[in-house]
**Student:** 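Below you will find the structure I want to go over with you.
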Amino acid sequence: MSLQKTLSIIKPDAVARNLIGSIDSRFEQAGLRIVAMRRIKMTKEQAQAFYEVHKDKAFYDSLCDYMSSGPVVVQVLSGENAVLKNREIMGATNPANAEIGTIRRDFGESIEHNAVHGSDSEENALQEISFFFNQLDIVE
Ligand code: IDP
Ligand code: MG
């Protein structure tokens with residue numbers, strides 16, 4: 001077990017449906033602590049930079065249009081094994097395949113509009129956190 005931080009994004013579909021509190025309560029109930037958070041609207045260029053790892057995928061352009069289509073909440077979650085724990089709470093990428101009780105199963109609309117983003121490794125978490133936050137923004 002190790003204390004980790006991970007990047008979470010509440011995506012435009014979930015913010016539009018007023019689900020910020022419902023989603024954040026899932027994190028808190030699971031023992032994750034929100035140690036930084038900000039509501040922003042990304043430009044398409046910012047979304048493209050954030051999702052650069054997917055630039056060769058067929059869904060990249062649509063994903064970047066969607067992620068810059070409305071406000072999102074970017075946040076840093078802290079806790080024991082936060083990276084994997086967050087991925088478990090989120091559920092599978094496609095809400096239709098996500099386990100019952102996960103955020104994506106309960107709140108996701110489609111494989112693209114799937115309510116939340118979460119870093120998939122500790123290394124990527126550090127990189128993704130620094131994309132949106134500096135050290136002074138993170139208060140443990
Ligand atoms: P993840 O968010 O579960 O880590 P990734 O494969 O990293 O999934 O994909 C990033 C995001 O791209 C997904 O959360 C989803 O919004 C979108 N996405 C992934 N696969 C597809 C697809 O096949 N069609 C449309 N959008 C997709
Ligand atoms: Mg991913």
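Worth knowing before you read on, the calculation uses all heavy atoms, side chains too, and leaves out hydrogens, waters and symmetry mates. The shown structure was predicted, so the numbers you read here are calculated from the model rather than taken from an experiment. Counting convention: from 1, in listed order, for ligands and their atoms alike.
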**Student:** Would you check if there is a donor-acceptor pair between the side chains of Ser78 and Glu140 at a distance under 3.5 Å?
**Tutor:**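 Yes.
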**Student:** Check the side chains of Asp61 and Gln48 for a donor-acceptor pair under 3.5 angstrom, ignoring hydrogens and angles.
**Tutor:**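 The criterion, which ignores hydrogens and geometry beyond distance, is not satisfied for Asp61 and Gln48.
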**Student:** Cation-pi check for Phe107 against Arg17: NZ or CZ below 6.0 Å from the six-membered ring centre and within 45 degrees of the axis, yes or no?
**Tutor:**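 Output no; distance or angle outside limits.
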**Student:** Nearest protein heavy atom to atom 23 (O) of ligand 1, by residue and atom, and its distance?
**Tutor:**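 Looking only at protein heavy atoms, the one closest to atom 23 (O) of ligand 1 is Ile111 CD1, 3.7 Å.
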**Student:** Considering only heavy atoms, does Thr93 approach ligand 1 within less than 4.0 Å through its side chain, its backbone, both, or neither?
**Tutor:**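 Both of them.
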**Student:** If you take all heavy atoms of His54 and Tyr60, which pair is closest and at what distance?
**Tutor:**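 Looking at all heavy atoms of both residues, the shortest contact is O-CB, 3.3 Å.
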**Student:** Between His117, Glu112, Lys57, His113, flag the one that comes closest to atom 26 (N) of ligand 1 by a heavy atom.
**Tutor:**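 That would be Glu112.
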**Student:** Which residue holds the protein heavy atom closest to atom 17 (C) of ligand 1, what is that atom called, and what is the gap in Å?
**Tutor:**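 For atom 17 (C) of ligand 1, the nearest protein heavy atom comes out as Leu63 CD1, 3.8 Å.
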**Student:** So which protein heavy atom does atom 2 (O) of ligand 1 come closest to, and at what separation?
**Tutor:**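 Checked against all protein heavy atoms, atom 2 (O) of ligand 1 sits closest to Arg104 NH2, 2.9 Å.
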**Student:** Any N or O of His54 that comes nearer than 3.5 Å to an N or O of ligand 1?
**Tutor:**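 Yes; the residue has a nitrogen or oxygen that sits under 3.5 Å from a nitrogen or oxygen of the ligand.
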**Student:** Between Gln4 (side chain only) and Ala82 (backbone N and O only), is there a donor and an acceptor less than 3.5 Å apart?
**Tutor:**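 Yes, because the side chain of Gln4 sits within donor-acceptor range (under 3.5 Å) of the backbone of Ala82.
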**Student:** One residue to check: Lys11. Relative to ligand 1, which of side chain, backbone, both or neither has a non-hydrogen atom less than 4.0 Å away?
**Tutor:**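 Answer for Lys11: side chain.
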**Student:** Do you know which two heavy atoms are closest between Thr6 and Ser119, and how far apart they sit?
**Tutor:**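 Where Thr6 meets Ser119 most closely, the heavy atoms are OG1-CB, 3.3 Å.
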**Student:** Do Phe133 and Val72 belong together in a cluster built from hydrophobic side chains that touch within less than 4.5 Å?
**Tutor:**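 Yes: a chain of side-chain contacts under 4.5 Å links Phe133 to Val72.
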**Student:** Once you restrict to heavy atoms under 4.0 Å, what part of Met67 touches ligand 1? Side chain, backbone, both or neither.
**Tutor:**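 Contact part for Met67 vs ligand 1: neither.
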**Student:** When you measure from atom 22 (C) of ligand 1 to every protein heavy atom, which one gives the shortest distance, and what is it?
**Tutor:**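 The answer is Phe59 CD2, 3.5 Å.
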**Student:** Mind checking whether Asn114 contacts ligand 1 via backbone (N, CA, C, O), side chain (CB onward), both or neither, at a 4.0 Å heavy-atom cut-off?
**Tutor:**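 For Asn114, only side-chain atoms sit under 4.0 Å from ligand 1.
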**Student:** Look at atom 4 (O) of ligand 1 and say which protein heavy atom is nearest, naming residue and atom and giving the distance to 0.1 Å.
**Tutor:**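 Of the protein heavy atoms, Arg87 NH1, 2.8 Å lies nearest.
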**Student:** Parallel under 30°, tilted from 30 to 60°, perpendicular over 60°: which one fits the rings of Tyr51 and His117?
**Tutor:**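 Rings of Tyr51 and His117: perpendicular, as their planes differ by over 60°.
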